[in-house]
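What follows is a single structure, written as structure tokens, with notes after it.
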Amino acid sequence: MENKSLDGLFEDLLQNESLFKNKEVLRPSYTPASLPHRTEQVNTLATILVSALRGDTPSNILIYGKTGTGKTAVARYVGIELERKSDDISIDCSVLYLNCEVIDTQYRLLANLAKHFGEDIPMTGWPTDQVFTKFKEAIDSKKQVIIIILDEIDKLVKKGDDVLYNLSRINTDLKNAKVSMIGISNDLKFTEFLDPRVKSSLGEEEIIFPPYDAEQISDILRQRASIAYKEEVLDEMVIPLCSAFAAQEHGDARRALDLLRVAGELAERENEANVGEVHVRMAQEKIEIDRIVEVVRTLPTQSKLALYSVMLLRNNGHRNVTTGEVYNVYRQLCVNVDMDILTQRRVTDLISELDMLGILNAVVVSKGRYGRTKEIVLSVPIESTRRVLLEDYRLGMLAGFKPVITAQMHL
DNA sequence: CCTCCACCGGAACGTGAGGAGT
DNA sequence: ACTCCTCACGTTCCGGTGGAGG
């Protein structure tokens, strides 16, 4: 192996010219200057929000749609435009964007809101209603319209809807300020768990975002690619292929953008001057593997043990593994890593969960005289999964472990 | 056609952690 | 500080079952 001087290291890498002009454009956080195929939604949203410019309170809005249908982008885009316009005509109007996946408790939400209006609130310690009062005082100090965008609002609801209830009736306590909310959810049914009062107040207006089809995704990609990539680096088939893959994935534009970005990164890494079809396919695979690795890594230990049992059996030459076999191996593993042995009933549930996550395929089959069982087939790449499993400090000691596999009565 | 294997999977219940209310 | 409630995770119990072999 050749030794390079240290400044040669980055020197070389820098000399490979980048294929990108501006990679940020392909990230989900980017809000583009125009949104193809979402004009209808943009207009609806704008129509509802104009009243803010007249100093009135706009209706509360709920936005529904699956991941990657442009909900967040549209909401932010309209929000930016609204603030810009309100500046022009000297109306005090601000739009706040909060992601409830990150800010997932009442307290944090209120603290964040209050902080935005200059109130200094400790991260913890205060009673929740005091924070709420502070927040009200802060905004009511002057005449203004505040629009709060709550992204992934379903995450918040899971932890109780009191905040939403309080926020939705905040206007009755305010003299000067007006508050309205935009909730964004990708779960169509999440209002079912809502207090009826919150439900009706929050959902005064509802906007549904349908998935994009492959054509529409292509348009979006073309628009972004022209900003993100340098001229002529994308092969002809790249965009259609990304779109096709993403369209299969329920029309997820975010996925399409990820594909387009990762394909470019892979091409760059190989010092290619162009991004080609191969890179898109590699990107598709990489994204999928990354997803699986992440899912496996965060599995509870018991599920990891069950999964590892399946892998050991498969390695032993079994093509179709059955529940009974898995359970036998599983018990041995538990003894070895000093974990409690769960009942077979529970383990079948764990296996079903792994099935749902797409890590396994478990099908109930009848073997006639020889009973009825699940046949289990792995649907993940073995080596990378094995590595991830053994990263777990408890499973680590299982490297090289050979289970005693009882002879099959029947083959 | 009946049997009977080796599990499936529903139901009800137990337990402990954590949050809300008081 | 206390109780009460919920929720995730597990267990126990058990009726149910598709089809190869008798």
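Convention: sequence-line order gives letters A, B, ...; per-chain numbering from 1. All of these numbers come straight from a predicted model, not from anything done at the bench.
In this structure, the CZ atom of A:R345 is 16 Å from the P atom of B:dC13, given to the nearest Å. Per the geometry, CD belonging to A:E375 stands 20 Å off P belonging to B:dC5, to the nearest Å. One atom, CG of A:N328, and another, C1' of B:dA6, lie 12 Å apart when rounded to the nearest Å. To the nearest angstrom, C1' of B:dA12 lies 16 Å from CZ of A:R346. A:Q344 has its CD atom 20 Å from the P atom of C:dC9, to the nearest Å. A straight line from CG of A:D355 to C1' of B:dG9 spans 14 Å, rounded to a whole angstrom. With rounding to whole Å, A:K367 atom NZ is found 16 Å from B:dC4 atom C1'. A:D340 places its CG atom 10 Å from the C1' atom of C:dG10, with the value rounded to the nearest Å.
Nearest nucleotide to the side chain of A:R369, out of B:dA6, C:dG21, C:dG10: C:dG21. In the set B:dC8, C:dG21, C:dG10, the nucleotide with an atom closest to the side chain of A:L342 is C:dG10. The side chain of A:T343 approaches C:dT11 more closely than any other nucleotide in the set B:dC8, C:dT11, C:dG21.
Distance check: A:D151 CG to A:N186 CG gives 8.5 Å after rounding to the nearest 0.5 Å. Atom CG in A:L357 sits 11.0 Å away from atom OG in A:S352 (nearest 0.5 Å).
Checked against a 6.0 Å centroid threshold, the rings of A:Y64 and A:F209 do not count as neighbours.
A cation-pi arrangement is present between A:K23 and A:F20, with the terminal nitrogen or guanidinium carbon under 6.0 Å from the aromatic centre and inside a 45° cone about the axis.
Between A:T348 and B:dC7, a side-chain N or O to OP1/OP2 separation shorter than 4.0 Å is absent.
Counting any heavy atom pair closer than 4.0 Å across all strands shown, A:L350 reaches no nucleic acid atom.
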